[in-house]
K.L.:
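My questions all concern the structure below.
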Amino acid sequence: MAEEKKQTDRGSLLLNWRIPEYEKYERGKSWYIWAGIAFGLLVVYAIYTLNFLFVVILILAAVITVLRSISEPDEVDFGIFEDGVGVGGKFYTWKDVDKFYIIYEPPDVKNLYFNPNGLRSRISVPLLDQNPLKVREVLLKYLIEDTDQEHEPLSESYSRFLKI
């Protein structure tokens, strides 16, 4: 009952699908060997330069990477409503979002991006099996499309390449 009220407060639901909370990459044995070597070299460098905070950050990153590799990402709801977009438990009204763009280069990249106003970071939503033309058609009623964006963000390219 409370969920129905949330959707009513957001306006009519126009499109929705379930997305993974984060992208999980398949990593082979060689990936872990190279990651271990890089980790070891960075720890040695950090100790050599007496940068112990860097050692702590490296250890935290390693623990997070291992924990993410042994668990499956949760599925969250993504919805486009008359009043904004909902990602998991968060809702962004149209006035909170500046622009959107879609990068569709199957099979590797099929993502919808939102640029929130202010200092918030970019929101990336996997399109999965959604029709990008339909998604674009719905969003153009509410937002401006950023046509200058023709490639996925460099940070996401690196993340996919490094499988992190």
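Counting begins at 1 with the first residue of the sequence.
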K.L.:
Under 4.5 Å between any side-chain heavy atoms of Leu14 and Glu82, yes or no?
P.N.:
yes

K.L.:
Heavy atoms only: give me the nearest Phe114-Val85 pair and the separation to one decimal.
P.N.:
CZ-CG1, 3.8 Å

K.L.:
About how many Å separate OH of Tyr25 and OG1 of Thr65, when rounded to the nearest 0.5 Å?
P.N.:
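Here the rounded value is 12.0 Å.
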
K.L.:
Between Glu26 and Lys163 (salt bridge meaning N to carboxylate O under 4.0 Å), is one present in this structure?
P.N.:
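Here Glu26 does not pair with Lys163 in a salt bridge, since their nearest N and O are not under 4.0 Å apart.
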
K.L.:
Check whether the side chains of Tyr113 and Asn111 place a donor and an acceptor atom closer than 3.5 Å, and report yes or no.
P.N.:
yes

K.L.:
Is it true that Lys24 and Glu72 make a salt bridge, defined as a side-chain N closer than 4.0 Å to a carboxylate O?
P.N.:
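Salt bridge: yes.
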
K.L.:
Give, for atom CG of Leu112 and atom CD1 of Ile123, the distance between the pair rounded to the nearest 0.5 Å.
P.N.:
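It is 9.5 Å, given to the nearest 0.5 Å.
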
K.L.:
Could you check whether Asp83 pairs with Arg10 (Lys NZ or Arg NE/NH1/NH2 to Asp/Glu carboxylate O, under 4.0 Å)?
P.N.:
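Not counted as a salt bridge, because no side-chain N and carboxylate O are separated by less than 4.0 Å.
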
K.L.:
Suppose the criterion is ring pair (Phe, Tyr, Trp, His ring centres under 6.0 Å): which pairs have a residue in residues 39-79, not counting sequence neighbours?
P.N.:
Trp17-Phe78

K.L.:
Any chance you could measure Asn115, atom CG, to Tyr101, atom OH, to the nearest 0.5 Å?
P.N.:
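Atom-to-atom, Asn115:CG and Tyr101:OH are 5.5 Å apart.
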
K.L.:
Quick one: does Ile80's side chain get under 4.5 Å of Asn16's, heavy atoms only?
P.N.:
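No, too far: nothing below the 4.5 Å cut-off.
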
K.L.:
Are Leu154 and Phe161 in one and the same hydrophobic cluster, where Ile, Leu, Val, Met, Phe, Trp and Tyr link if side-chain heavy atoms are under 4.5 Å apart?
P.N.:
no

K.L.:
Could you go through Leu162 and Trp34, starting from their C-alpha distance and side-chain angles, then the distance that decides it, and tell me whether this counts as side chain to side chain contact (heavy atoms under 4.5 Å, CB included)?
P.N.:
CA-CA 11 Å; Leu162 296 173; Trp34 285 109; over 6 Å; no

K.L.:
Applying salt bridge (Lys or Arg N to Asp or Glu O under 4.0 Å), can you list everything that pairs with Arg27, at least two apart in sequence or on another chain?
P.N.:
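None.
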
K.L.:
Taking all non-hydrogen atoms of both residues, which atom of Leu13 and which atom of Gly79 are closest, and how far apart?
P.N.:
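Looks like CD1-CA, 4.1 Å.
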
K.L.:
With a 4.5 Å heavy-atom cut-off, do Tyr104 and Leu133 have their side chains touching?
P.N.:
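Not in contact.
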
K.L.:
Phe81, Val76: one ILVMFWY side-chain cluster at the under-4.5 Å cut-off?
P.N.:
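Different hydrophobic clusters.
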
K.L.:
Same cluster for Leu58 and Val44 if Ile/Leu/Val/Met/Phe/Trp/Tyr side chains link at under 4.5 Å?
P.N.:
no

K.L.:
Hey, are Arg136 and Glu145 close enough for a salt bridge, meaning a charged N less than 4.0 Å from a carboxylate O?
P.N.:
yes

K.L.:
Which atoms form the tightest heavy-atom contact between Ser121 and Pro116, and what is the distance?
P.N.:
O-CG, 3.3 Å

K.L.:
Does Ile33 belong to the same Ile/Leu/Val/Met/Phe/Trp/Tyr cluster as Val66, with side-chain heavy atoms less than 4.5 Å apart forming each link?
P.N.:
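No, no single cluster joins them.
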
K.L.:
Crowded around Leu140 CG? As in, over 12 foreign heavy atoms under 6.0 Å?
P.N.:
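For Leu140, atom CG is crowded (more than 12 foreign heavy atoms under 6.0 Å).
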
K.L.:
Evaluate side chain to side chain contact (heavy atoms under 4.5 Å, CB included) for Tyr32 paired with Ser69, printing each intermediate quantity in order.
P.N.:
CA-CA 11 Å; Tyr32 287 101; Ser69 70; 3.3 Å; yes

K.L.:
Please round to the nearest 0.5 Å and tell me the distance separating atom CD1 of Ile102 and atom OG1 of Thr147.
P.N.:
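The CD1 atom of Ile102 sits 12.5 Å away from the OG1 atom of Thr147.
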
K.L.:
Would you indicate whether Asp108, at its atom CG, is surrounded by more than 12 heavy atoms from other residues, nucleotides or ligands within a distance under 6.0 Å?
P.N.:
yes

K.L.:
Under 4.5 Å between any side-chain heavy atoms of Val43 and Leu41, yes or no?
P.N.:
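The answer is no; the side chains never approach within 4.5 Å.
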
K.L.:
Can you see which heavy atom on Ile103 is nearest to which on Glu152, and at what distance?
P.N.:
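The pair with the smallest heavy-atom distance is CG2-N, 3.8 Å.
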
K.L.:
Let me see the working for Asn117 and Val97 under side chain to side chain contact (heavy atoms under 4.5 Å, CB included), right down to the final yes or no.
P.N.:
CA-CA 5 Å; Asn117 293 322; Val97 181; 5.8 Å; no

K.L.:
Please check if Tyr142 and Leu15 belong to a single hydrophobic cluster, counting links between Ile, Leu, Val, Met, Phe, Trp and Tyr side chain heavy atoms closer than 4.5 Å.
P.N.:
yes

K.L.:
Measure the CG-NZ distance between Leu128 and Lys110 for me, rounded to the nearest 0.5 Å.
P.N.:
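With rounding to 0.5 Å, CG (Leu128) is 7.0 Å from NZ (Lys110).
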
K.L.:
Which value, rounded to the nearest 0.5 Å, describes the distance between Asp74 atom CG and Glu21 atom CD?
P.N.:
5.0 Å

K.L.:
If you compare all heavy atoms of Trp94 against all heavy atoms of Gly84, which two are closest, and at what distance to 0.1 Å?
P.N.:
NE1-N, 3.1 Å

K.L.:
Side chain to side chain contact (heavy atoms under 4.5 Å, CB included) between Ser157 and His151: does it pass, once the steps are laid out?
P.N.:
CA-CA 9 Å; Ser157 295; His151 303 287; over 6 Å; no

